[in-house]
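Heads up, the thing below is written out as structure tokens.
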Amino acid sequence: MESNILDLRGQGCPLALLLAKRHTNLLASGEQTQILISDPSSMKDITRYLQQQAYALSCEEAEGYYCMQVTKESC
């Protein structure tokens with residue numbers, strides 16, 4: 001299985017949110033991705049966006065950044 005990671009460390013809003021939207025919109029139903037984020041504001045915005053859409057997510061804080069595990073739910 002190929003790793004599906006979007007590394008947004010070093011990116012701030014609004015670019016981080018736009019790139020996350022574009023990346024997650026390409027996911028097929030049931031497909032997963034990881035999003036790496038270092039900006040706390042971007043993390044909040046991306047989390048809010050994904051919670052309003054058809055995505056399941058969990059987040060862990062790593063050393064200096066956040067790691068979001070995102071799964072596109074079935075429609």
Find out whether [X] and [Y] are in side-chain contact, i.e. whether some heavy atom of one side chain is under 4.5 Å from a heavy atom of the other.
{"X": "Leu8", "Y": "Ile46", "value": "yes"}
{"X": "Ser58", "Y": "Met68", "value": "no"}
{"X": "Ser29", "Y": "Glu73", "value": "no"}
{"X": "Leu57", "Y": "Thr71", "value": "no"}

Please find the pair of heavy atoms, one from [X] and one from [Y], that lie closest to each other, and give the distance.
{"X": "Gly10", "Y": "Ser38", "value": "N-OG, 2.9 Å"}
{"X": "Ala20", "Y": "Leu6", "value": "CA-CD2, 3.8 Å"}
{"X": "Asp39", "Y": "Gly12", "value": "OD2-CA, 4.0 Å"}

Quick check for you: to the nearest 0.5 Å, what is the distance between [X] atom [atom1] and [Y] atom [atom2]?
{"X": "Leu17", "Y": "Arg48", "atom1": "CG", "atom2": "CZ", "result": "9.0 Å"}
{"X": "Arg9", "Y": "Ser42", "atom1": "CZ", "atom2": "OG", "result": "14.0 Å"}
{"X": "Asp7", "Y": "His23", "atom1": "CG", "atom2": "NE2", "result": "11.0 Å"}
{"X": "Gln53", "Y": "Gln51", "atom1": "CD", "atom2": "CD", "result": "11.0 Å"}

Single-linkage hydrophobic cluster, 4.5 Å side-chain cutoff, Ile37 and Ile5 together: no
Shared hydrophobic cluster, Val70 / Tyr65 (ILVMFWY, side-chain heavy atoms < 4.5 Å):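 Per the 4.5 Å side-chain linkage, Val70 and Tyr65 are not co-clustered.
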What's the verdict on side chain to side chain contact (heavy atoms under 4.5 Å, CB included) for Tyr49 and Lys21, showing C-alpha distance, side-chain angles and the deciding distance? CA-CA 8 Å; Tyr49 167 75; Lys21 284 181 178 182; 3.6 Å; yes
Quick one: salt bridge (charged side-chain N to carboxylate O under 4.0 Å, His left out) partners of Arg22, sequence neighbours excluded? none
Hey, which of Leu27, Thr24, Asn25 is the one that makes side chain to side chain contact (heavy atoms under 4.5 Å, CB included) with Lys72?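 Of the listed options, the one satisfying the test is Leu27.
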Could I get the full list of side-chain contact (heavy atoms from CB on, under 4.5 Å) partners for Leu15, not counting sequence neighbours? Gln11, Leu19
